[in-house]
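Bear in mind the structure is a predicted one, so any value in this text is a computation, not a measurement. Sequence positions, counted from 1, serve as the residue numbers for this chain.
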Amino acid sequence: MHLNTPPRNTIRLTHRGRIALIAAGAVVAGAAVAVPLLVLGEEEPARPTSLVIPEGRRASQVYDAVDKALALPPGSTRKSLGKLDLKLPNDADGNPEGYLFPATYPLEHNGTKATPDSLLSAMVDTANKKFGGAPIAAGAQRNAMNVYQAVTIASIVQAEAGNKADMGKVARVIFNRLERGMPLQMDSTINYALNRSTLKTTEADTRIESPYNSYQRMGLPPTPIDNPGEDAMRAAINPAAGDWLYFVTVKPGDTRFTADYAEHQRNVAEFNAQRKASPGSPASPKPTG
């Protein structure tokens, strides 16, 4: 059912702003050595043994992390893409965005050191295993989409949801807007188009020419906008039940979903009051609406 949409400058949805660009050296943790250890004498600092890719990182960030982990010149992994034979779905058209699965990857196996090819191939193979099973395919079909579209929705959910509990609700907002012929109006897609992460989306930003501008273009963006994890994927194929069309994070841990535009405006006003009272607080996303 198609519903009339209020003026675009009044219905912009929130971007929760959680996607802080990761410093390349911070992607090693756990079994990996996150920072060089202080040692005595002439010993060299211990080198990382694993590469950790967190949920929601963009492909560009993954490439930079691989370069750093393998001590390669910046841009090396990106340049190697054209030579790789990654097992991507046909819909991806060679673009691995969405299929560089977030996990921990060893930098050496049986005495063989990892390469950009081996690491990216392992990420794509892992994604295919996670996303290629019957439950995901059935869930996507149940929601009248294919798996690649489900990964695209999951990537938006990963970018927008403040926590795991909100993921199903964010997914439902996406489905409700698509079903009603409304633009998604997600700031995360604007940030992807502009290759940035920010809380400040301006009116000028929403007018940029890009297939990822979900303010100006209907439907899903042409590709995923990051690499989602399993929780976001589950939310994409099993969205929560609800009639929500709008959401805004008023303060950390307090994201409000509503189908009523007037209520959404009140929530946005409360957010603005919170932000004015604590202008230095980085935790809340910029509201739109």
**Prompt:** Heavy-atom distance under 4.5 Å between the side chains of Tyr99 and Phe131, does that happen here?
**Reply:** yes
**Complete:** Scanning both residues in full, the closest heavy-atom pair of Pro102 with Pro228 reads CD-O, 3.4 Å
**Request:** Show the numbers, then the answer: is there a side chain to side chain contact (heavy atoms under 4.5 Å, CB included) between Thr189 and Asn213?
**Result:** CA-CA 6 Å; Thr189 66; Asn213 184 350; 5.8 Å; no
Which pairs of donor and acceptor atoms, one on a side chain in residues 70-80, lie under 3.5 Å apart (sequence neighbours left out)?
unit_1: Ser76; atom_1: OG; unit_2: Pro73; atom_2: O; d: 2.6
unit_1: Thr77; atom_1: OG1; unit_2: Asp67; atom_2: OD1; d: 2.6
unit_1: Ser80; atom_1: OG; unit_2: Thr77; atom_2: O; d: 2.7

**Prompt:** Between Thr223 and Tyr212, is any side-chain donor less than 3.5 angstrom from a side-chain acceptor?
**Reply:** yes
**Asked** Got a sec: does the CD of Gln141 have more than 12 other heavy atoms crowding it under 6.0 Å?
**Response** no
**Donor-acceptor under 3.5 Å (Thr258 side chain, Asp260 main chain)** = yes
**Message:** What's the separation between atom CZ in Phe101 and atom CD in Glu230, rounded to the nearest 0.5 Å?
**Reply:** 4.5 Å
**Message:** Determine whether Val157 and Met233 satisfy the following criterion, side chain to side chain contact (heavy atoms under 4.5 Å, CB included), listing intermediate values before the conclusion.
**Reply:** CA-CA 8 Å; Val157 169; Met233 191 63 175; over 6 Å; no
**Message:** Quick check: closest heavy atoms across Pro239 and Arg172, and the distance to 0.1 Å?
**Reply:** CG-NH2, 3.4 Å
**Asked** What is the minimum heavy-atom distance between Tyr148 and Pro224, and which atoms define it?
**Response** OH-CD, 3.2 Å
**Lys/Arg N to Asp/Glu carboxylate O, Asp85 vs Lys83, below 4.0 Å** = no
**Item:** Separation of Glu203 CD from Asp205 CG (nearest 0.5 Å)
**Value:** 9.0 Å
**Message:** Just by distance, no angles: are the side chains of Tyr215 and Asp187 close enough, under 3.5 Å, to form a donor-acceptor pair?
**Reply:** yes
**Val52 side chain reached by Thr104 side chain, heavy atoms, under 4.5 Å** = yes
**Request:** Ignoring hydrogens and angles, state whether a donor on the side chain of Asp91 or Asn146 is under 3.5 Å from an acceptor on the partner side chain.
**Result:** yes
**Asked** Do Leu100 and Tyr63 come close enough that some side-chain heavy atom pair is under 4.5 Å?
**Response** yes
**Request:** Check the pair Ile225 / Ile156 against side chain to side chain contact (heavy atoms under 4.5 Å, CB included), numbers first and verdict last.
**Result:** CA-CA 7 Å; Ile225 62 170; Ile156 300 174; 4.0 Å; yes
**Request:** Go through the steps to decide whether Gln185 and Ser214 satisfy the test side-chain hydrogen bond (donor to acceptor under 3.5 Å, both in side chains), and finish with yes or no.
**Result:** CA-CA 5 Å; Gln185 298 187 312; Ser214 63; over 6 Å; no
**Asked** Closest heavy-atom contact between Val147 and Ala137?
**Response** CG2-CA, 4.0 Å
**Item:** N-O pairing of Asp166 and Lys169 below 4.0 Å
**Value:** no
**Prompt:** Among side-chain atoms of Asp117 and Ser121, is any donor-acceptor pair under 3.5 angstrom?
**Reply:** yes
**Complete:** side-chain hydrogen bond (donor to acceptor under 3.5 Å, both in side chains) filter on Tyr192, not counting sequence neighbours, yields Glu97
**Item:** Residue pair Glu108, Thr49: steps toward the side chain to side chain contact (heavy atoms under 4.5 Å, CB included) verdict
**Value:** CA-CA 7 Å; Glu108 185 173 327; Thr49 58; over 6 Å; no
**Item:** Rounded distance (nearest 0.5 Å) linking atom CZ of Phe271 with atom NZ of Lys251
**Value:** 12.5 Å
**Prompt:** Which atom names give the shortest non-hydrogen contact between Ile53 and Ala65, and what distance separates them?
**Reply:** CD1-CB, 4.4 Å
**Message:** Ignoring hydrogens and geometry beyond distance, is a side-chain donor-acceptor pair present between Arg142 and Asn238 at under 3.5 Å?
**Reply:** yes
**Prompt:** Any ion pair linking Arg256 and Glu270 (charged N to carboxylate O, less than 4.0 Å)?
**Reply:** yes
**Prompt:** Does one side chain, of Arg196 or Asn191, offer a donor that lies under 3.5 Å from an acceptor on the other?
**Reply:** yes
**Asked** Closest approach of Pro222 and Pro211, non-hydrogen atoms and distance?
**Response** CD-O, 3.4 Å
**Asked** So how far is it from Leu245 CG to Tyr261 OH, rounded to the nearest 0.5 Å?
**Response** 12.0 Å
**Separation of Lys130 NZ from Ile136 CD1 (nearest 0.5 Å)** = 10.5 Å
**Item:** Rounded distance (nearest 0.5 Å) linking atom CG of Leu107 with atom CG of Leu119
**Value:** 6.0 Å
**Prompt:** Taking the side chain as C-beta and beyond, is there a heavy-atom pair between Met167 and Gln158 under 4.5 Å?
**Reply:** yes
**Prompt:** Leu51 versus Met123: any side-chain heavy-atom pair under 4.5 Å?
**Reply:** yes
**Message:** Is any side-chain heavy atom of Asp125 closer than 4.5 Å to one of Leu86?
**Reply:** no
**Asked** Does any non-hydrogen side-chain atom of Ser155 lie less than 4.5 Å from one of Asn227?
**Response** no
**Prompt:** Do Val124 and Leu88 have side chains that get closer than 4.5 Å, going by heavy atoms?
**Reply:** yes
**Prompt:** Between Phe257 and Tyr246, does the ring centre distance come in under 6.0 Å?
**Reply:** no
